[in-house]
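Note sheet for the following structure.
Indexing begins at 1, ligand by ligand and atom by atom, following the structure's order. Note that the coordinates shown come from a computational prediction; the quantities given were computed from them, not determined experimentally.
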Amino acid sequence: MQNNKRPETMERITTPALAQAFIAEQIAAIKAQVGDKKVLLALSGGVDSSVVAALLIRAIGKNLVCVHVNHGLLRKGEPEQVIQVFRHEMDANLIYVDAVDRFLDKLAGVAEPEQKRKIIGAEFIRVFEEEAHKQEGIQFLAQGTIYPDILESGPVKAHHNVGGLPEDLQFELVEPLKFLFKDEVRVVGHELGLPDNMVYRQPFPGPGLGVRCVGAITRDRLEAVRESDAILREEFAKAGLEGKVWQYFTIVPDFKTVGVKNNVRCFEWPVVLRAVNTRDAMTATVEDVPFALLQKITARITAEVPGVNRVLFDLTPKPTGTIEWE
Ligand code: XMP
């Protein structure tokens, strides 16, 4: 029976020194648990899995086998950053799986949101399992479980992270962050040398851009989501809003409206901007984004993103709107 209660004596990790003490303690614990055996980790590039990876790399080096599955629904630059940070900078044993076609083929024509989520979750497990079976001598599975996952507080993680992991893989779990809250994970990640834009990044749903390409996903509309999201993030960062606004992203609905480009009428998609603040994702308020910034983002998206002729800003708090559009 695993102990899943945070020890009452455990001090809240708020300083670099406390984080360093936690890191030293966990490295010793991981070494004691794992010895010279191999550990497998699904590394999404999100905060939790990245911090687990960095910790295990310190503890056991190449005996950690990281698997990064690109399901085609990641934000612009994410797979590249995972490869850069973990393979090139941390010298990790990283397997990169390009599963983009597999996922997009399975999702073709599927418009129902929960069905899309199920397909993404199930396919993720299948791809991960295939990679696990290719590996010899794995005895442990590392997971970025954090304390709120154990407490199951609210909806954020209840449907979080693509699907969970394969049940038929008979591995012993390594969960070094399981008693930490998110802010503590970030302090630890920072101390482990992970880049700030990885450690302090906004929450990103497991099904990724899939829930923001409303209705049946098509490759061209998915690119419109990805490119407009990249522009929004870039402009928010330039305006000093990165790390200040809880979550901000773009949505592309599956309808077109008429517009005019270069004196020619065009029938293209709108892009919706969403920027919200919340404590626990149960309710949310809309960020008061400066109008001039919204205009600048609109000008860039309509000029730079193919197939888009209109930009809207979602003014709806939660309730009545959820944070995501599906
Ligand atoms: P909603 O849209 O329910 O979102 O207001 C609340 C928070 O949960 C995130 N979210 C998800 N995260 N898988 C996830 O891992 C999902 O399927 C999913 N749906 C919503 C959302 O981004 C927000 O932070």
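Residue nearest to atom 19 (N) of ligand 1, selected from Met282, Gln202, Arg117: Arg117 (by heavy-atom distance). Selection from Lys318, Glu114, Gln247, Glu326 by nearest heavy atom to atom 5 (O) of ligand 1 gives Lys318.
Less than 4.0 angstrom separates some heavy atom of Trp246 from each of these atoms of ligand 1: 24 (O). Contact atoms of ligand 1 toward Gly206: 13 (N), 14 (C), 15 (O) (distance under 4.0 Å to a heavy atom of the residue). Each of the atoms 1 (P), 2 (O), 5 (O) of ligand 1 lies under 4.0 Å from some heavy atom of Thr322.
Under 4.0 Å is where a charged nitrogen must lie from a carboxylate oxygen, and between Asp91 and Arg87 no such pair does.
Residues Asn4 and Lys178 bring a donor and an acceptor atom of their side chains to less than 3.5 Å of each other.
In this structure, Phe249 has no heavy atom closer than 4.0 Å to ligand 1.
The proximity of Trp325 to ligand 1, defined as any non-hydrogen pair under 4.0 Å, does not occur for either the backbone or the side chain.
Considering backbone and side-chain atoms together, Ile323 places an N or O closer than 3.5 Å to an N or O of ligand 1. Note: no N/O pair closer than 3.5 Å links Pro207 and ligand 1 by distance alone. Any N or O atom pair closer than 3.5 Å counts here, and Arg212 shares no such pair with ligand 1. Considering backbone and side-chain N/O atoms, Glu324 comes within less than 3.5 Å of an N/O atom of ligand 1.
Residues Arg310 and Thr302 have side chains not in contact (no heavy-atom distance under 4.5 Å, counting atoms from C-beta outward). Val67 is not listed as a side-chain neighbour of Leu41, based on a closest heavy-atom distance of 4.5 Å or more. The closest side-chain heavy-atom distance from Val174 to Gln33 is below 4.5 Å.
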Pair Gln139-Val39, side-chain contact (heavy atoms from CB on, under 4.5 Å): steps then yes or no: CA-CA 6 Å; Gln139 293 194 9; Val39 181; over 6 Å; no
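Around NZ of Lys238, the count of heavy atoms belonging to other residues, nucleotides or ligands within 6.0 Å exceeds 12.
At least one cation-pi condition fails for Arg274 and Tyr248: the charged atom is not both under 6.0 angstrom from the six-membered ring centre and inside a 45 degree cone around its axis.
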